[in-house]
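In what follows, a structure is listed as structure tokens, so that the remarks can point back to it.
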Amino acid sequence: MEQVLAKAFEIAESGDVSTAPDGAVVYSVSYMPTNRNKENALKFVRENAKAQMLDDTPCGQALIALGLDGKVNEVGEEITRIWRIASARYIAAASGNINAFVDGADERSTFSTTELKEILRNPNITAINGMEKYTFAQAFKPQRY
């Protein structure tokens with residue numbers, strides 16, 4: 001397993017995470033009782049040609065191929081760190097509007113702990129779900145499950 005984790009860290013730190021402008025899609029399901037946000041994100045991606053989740057990038061596909069998919073709260077600390085590294089890079093590479101399926105997101109989720117902070121740091125990202133990103137962040141209220 002150590003070799004798999006070492007390879008996964010390498011992929012998370014250097015794999016291709018690029019998306020088209022206005023094409024980045026994030027979702028939050030960790031610690032939540034349902035996968036509704038992911039299901040809605042998948043539907044959005046199917047219906048919008050340039051939309052892409054981290055899972056769809058070469059980096060995400062390589063991590064999934066290693067068997068590292070699943071909810072943050074189910075996969076262990078090391079794998080969670082790997083996905084958070086990839087998520088931070090994914091957001092850093094994004095631009096324009098981010099489509100976020102994060103209704104009821106848990107305060108411990110990758111969106112709450114990593115992605116939202118990276119969105120606010122990235123000057124190339126202007127909006128979340130069509131709302132100015134700072135306005136969205138002020139209105140966003142993470143949950144505790």
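For the pair Leu42 and Met53, the minimum side-chain heavy-atom distance is below 4.5 Å. Annotation: side chain of Lys7 is not in contact with side chain of Val4 (no heavy-atom distance under 4.5 Å). Side-chain contact between Leu116 and Val102 is absent, with no heavy atoms from C-beta onward closer than 4.5 Å. The shortest distance between side-chain heavy atoms of Ile91 and Val17 does not fall below 4.5 Å. Between Val26 and Tyr90, the closest side-chain pair of non-hydrogen atoms falls below 4.5 Å. At least one side-chain heavy atom of Val29 sits under 4.5 Å from a side-chain heavy atom of Asn35. Residues Asn129 and Met131 are not in side-chain contact: their nearest non-hydrogen atoms beyond the backbone lie 4.5 Å or more apart. The shortest side-chain heavy-atom distance between Pro142 and Phe111 does not fall under the 4.5 Å cut-off.
Side chain to side chain, Gln52 and Thr19 fail the donor-acceptor criterion of an N or O pair below 3.5 Å.
In this structure, OG1 on Thr80 lies 11.0 Å from CD1 on Ile85, to the nearest 0.5 angstrom. Atom CD of Gln143 sits about 9.0 Å away from atom OG of Ser112, to the nearest 0.5 Å. Rounding to the nearest 0.5 Å gives a distance of 10.0 Å between OH of Tyr134 and CD1 of Ile128. To the nearest 0.5 Å, atom CZ of residue Arg108 and atom OG of residue Ser28 are 10.5 Å apart. Note that CG of Leu68 is 7.0 Å distant from CG of Leu5, once rounded to the nearest 0.5 Å. With rounding to the nearest 0.5 Å, the separation of CD1 in Ile11 from CG in Leu66 is 4.5 Å.
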Test side-chain contact (heavy atoms from CB on, under 4.5 Å) applied to Arg81 and Phe9, step by step:
CA-CA 9 Å; Arg81 279 189 32 222; Phe9 273 109; 3.6 Å; yes

Taking it one step at a time, do Leu54 and Trp83 satisfy side-chain contact (heavy atoms from CB on, under 4.5 Å)?
CA-CA 9 Å; Leu54 172 58; Trp83 279 105; 3.7 Å; yes

Would you please test Thr57 and Asp16 for side-chain contact (heavy atoms from CB on, under 4.5 Å) and show each step?
CA-CA 7 Å; Thr57 67; Asp16 180 6; 5.8 Å; no

Mind running side-chain contact (heavy atoms from CB on, under 4.5 Å) on Tyr27 and Asp55 for me, showing each step along the way?
CA-CA 11 Å; Tyr27 63 88; Asp55 308 20; 2.8 Å; yes

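Atom NZ of Lys50 has more than 12 neighbouring heavy atoms from other residues, nucleotides or ligands inside a 6.0 Å radius. The number of heavy atoms from other shown groups lying within 6.0 Å of CD (Glu2) does not exceed 12.
A salt bridge does not link Glu39 with Arg36: every distance from a Lys NZ or Arg NE/NH1/NH2 to an Asp or Glu carboxylate oxygen is 4.0 Å or more.
Asn48 places a side-chain N or O within donor-acceptor distance of the main-chain N or O of Phe44, the cut-off being under 3.5 Å. Counting only distance, with no hydrogens or angles, the side chain of Asn37 and the backbone of Asp103 share a donor-acceptor pair below 3.5 Å.
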